[in-house]
Amino acid sequence: MKYLIIIFTVIAISLYSHWAYSRIYANIAEKDLPNPTMHQSIILPSSKTHVKKIVYVALGDSLTAGVGASGEDKTYPYLLAKMLAEKQNAQVILINLAVPGAVAEDVLQYQVPQVAQFHPDIISVAVGINDMHNQVPGKLFAQTISEIVDTLSSTTKHLNIINVPFTGDRSVFLPPYRLYFDWQTKRYNSFLSNVLVGRQVNMIDLYTLTHGKAFADQPYYSADGFHPSDEGYDFWINVSYDHFDY
């Protein structure tokens, strides 16, 4: 009887774990949220007569493209550009090159080569969540980030690397995977921060700025329970704006 209980418990845990893990990706696939970034270049005028022009180029994955937002004007880079226009009294030209699903290697191969033509004043790079979920080896991820930084450092004086935020509504990311993905996020962020030591680059610790109960549930998540909602992206920019190098 004792062994039957043990066997039953092991089976039950295995079935639950498989269901909980599959549920995360099934929900994301089922919702299949669109990419709201429809234009590569947007000009945001200052509310006053602008006295300068700022070219801002954003690189990354679906979190930079703004999947989960209700429109392009609710995405993270747009909100940053809007805030720059207002607070810096500038005309901001936003070029968002982010592609949903991109890993660091995609950013290096397909997005980075496009940057120089825009002569950017500010660059942000936010990538890593897909490397983590696709189980790209941490050392390979760090090496790719290093190559991205080496290439972009000669393009602008204001290079901002945003680390991997923890994303996952508690209604979708059930135990033990919420804890597992949190651990993985910290691990990949450690690879990222280590490779940036001594580099002329500004790292924005979005993980720490958004982690915890304040960003655990709705209304900060969109319908798929993974990508932020309008409120989520707004929260991100409000807590991180002052950490940008511009």
Side-chain angles (χ1 to χ4, degrees), residues 37 40-44 52-66 75-85 87-88 90-99 102-132 136 138-165 185 188-210 233 236-246:
T37 299
Q40 188 183 70
S41 179
I42 300 176
I43 299 177
L44 290 90
K52 60 181 176 180
K53 181 176 74 174
I54 297 174
V55 179
Y56 164 40
V57 178
L59 293 79
D61 48 38
S62 61
L63 298 178
T64 299
T75 63
Y76 186 91
Y78 187 99
L79 294 172
L80 174 60
K82 181 180 178 182
M83 198 169 285
L84 280 169
K87 296 194 174 187
Q88 299 299 310
Q91 179 191 69
V92 179
I93 300 173
L94 166 64
I95 297 97
N96 192 341
L97 301 176
V99 176
V103 295
E105 183 64 26
D106 295 323
V107 172
L108 177 63
Q109 294 296 325
Y110 304 111
Q111 298 178 35
V112 169
Q114 301 181 58
V115 173
Q117 64 180 306
F118 300 112
H119 305 287
D121 299 293
I122 305 169
I123 299 174
S124 70
V125 180
V127 69
I129 196 78
N130 294 312
D131 294 80
M132 186 182 82
V136 173
K139 289 185 179 180
L140 178 58
F141 168 66
Q143 178 183 337
T144 307
I145 292 295
S146 179
E147 292 180 44
I148 290 172
V149 170
D150 286 344
T151 305
L152 294 179
S153 292
S154 62
T155 308
T156 183
K157 294 180 180 179
H158 304 291
L159 176 57
N160 297 273
I161 304 294
I162 304 170
N163 71 358
V164 184
T185 303
Y188 274 76
N189 280 338
S190 177
F191 282 112
L192 188 150
S193 60
N194 288 340
V195 82
L196 296 182
V197 173
R199 304 290 187 95
Q200 294 299 310
V201 59
N202 179 49
M203 195 192 84
I204 298 169
D205 187 1
L206 189 59
Y207 173 86
T208 299
L209 291 171
T210 60
Y233 286 119
W236 279 12
I237 197 59
N238 277 294
V239 299
S240 65
Y241 176 79
D242 289 337
H243 296 268
F244 272 88
D245 178 20
Y246 49 79

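FYI, the numbering just counts along the sequence from 1.
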- [ ] Might you confirm whether atom CD of Q200 has over 12 heavy atoms from other residues, nucleotides or ligands at distances under 6.0 Å?
- [x] no
TODO: List in chain and number order the residues that pass side-chain contact (heavy atoms from CB on, under 4.5 Å) with A81, two or more places apart in sequence or in another chain; answer none if no residue qualifies.
DONE: L44, Y56, V92, L94
TODO: Just jot down the salt bridge (charged side-chain N to carboxylate O under 4.0 Å, His left out) partners of D245, sequence neighbours excluded, or say none.
DONE: none
- [ ] Please report the shortest heavy-atom distance between I93 and S41, naming the atom on each side.
- [x] CG2-OG, 3.7 Å
Task: Under 3.5 Å: donor-acceptor pair, side chain of Q91, backbone of I43 - done: no
Open item on the list: Suppose we screen for ring pair (Phe, Tyr, Trp, His ring centres under 6.0 Å). Which residues come up paired with Y110, at least two apart in sequence or across chains?
Closed with: none
- [ ] Sequence neighbours left out, what pairs pass salt bridge (charged side-chain N to carboxylate O under 4.0 Å, His left out) with at least one residue falling in residues 191-209?
- [x] D150-R199
TODO: Drop me the distance from N202's CG to N160's CG, to the nearest 0.5 angstrom.
DONE: 4.5 Å
Open item on the list: Let me confirm one number: the CD1-CD1 distance from I95 to I123, rounded to the nearest 0.5 Å.
Closed with: 10.0 Å
TODO: Give, for atom CD of Q114 and atom CG of L97, the distance between the pair rounded to the nearest 0.5 Å.
DONE: 5.0 Å
Open item on the list: Using the side-chain hydrogen bond (donor to acceptor under 3.5 Å, both in side chains) criterion, which residues pair with T144? Sequence neighbours excluded.
Closed with: none
Task: Separation between CD of Q111 and CD1 of I148, rounded to the nearest 0.5 Å - done: 8.5 Å
TODO: Please report the shortest heavy-atom distance between A116 and T155, naming the atom on each side.
DONE: CA-CG2, 4.1 Å
TODO: Could you check if a side-chain atom of P77 sits within less than 4.5 angstrom of a side-chain atom of T64, using non-hydrogen atoms only?
DONE: yes
Task: Contact check, side chains of L84 and I122, non-hydrogen atoms, under 4.5 Å - done: yes
- [ ] Check whether any side-chain heavy atom of V125 lies under 4.5 Å from a side-chain heavy atom of L159, and answer yes or no.
- [x] yes
TODO: Could you grab the distance from atom CD1 of I129 to atom CE of M132, nearest 0.5 Å is fine?
DONE: 4.0 Å
- [ ] Identify the heavy atoms of L63 and P165 that sit nearest to each other, and give their distance.
- [x] CD1-CG, 3.9 Å
Task: Distance-minimising heavy-atom pair for G66 and T75 - done: CA-CG2, 3.7 Å
TODO: Taking the side chain as every heavy atom from C-beta outward, state whether L59 and V127 have any atom pair closer than 4.5 Å.
DONE: no
Open item on the list: Using a 3.5 Å distance criterion without hydrogens, assess whether the side chain of S146 forms a donor-acceptor pair with backbone atoms of A142.
Closed with: no
Which side-chain N or O atoms in residues 188-196 pair as donor and acceptor under 3.5 Å with protein atoms at least two apart or in another chain?
residue: Y188; atom: OH; partner: V136; partner atom: O; Å: 2.3
residue: N189; atom: OD1; partner: V164; partner atom: N; Å: 2.7
residue: N189; atom: ND2; partner: V164; partner atom: O; Å: 2.9
residue: N189; atom: ND2; partner: T185; partner atom: O; Å: 3.4
residue: S193; atom: OG; partner: N189; partner atom: O; Å: 3.1
residue: S193; atom: OG; partner: S190; partner atom: O; Å: 3.1
residue: N194; atom: ND2; partner: S190; partner atom: O; Å: 3.1

Task: By side-chain hydrogen bond (donor to acceptor under 3.5 Å, both in side chains) - contacts of Y76 (at least two apart) - done: S240
Task: Which atom of I54 lies closest to which atom of A90, heavy atoms considered - done: CD1-CB, 3.8 Å
Task: Pairs flagged by salt bridge (charged side-chain N to carboxylate O under 4.0 Å, His left out) wherever residues 116-131 is involved - sequence neighbours left out - done: none
- [ ] Could you tell me which residues satisfy side-chain contact (heavy atoms from CB on, under 4.5 Å) with K87, sequence neighbours excluded, listed by chain and number?
- [x] M83, Y241
Open item on the list: Just verifying a value: how many Å separate I204 CD1 and L209 CG, rounded to the nearest 0.5 Å?
Closed with: 8.5 Å
Task: Smallest separation among heavy atoms of S124 and I162, with atom names - done: CB-CD1, 4.3 Å
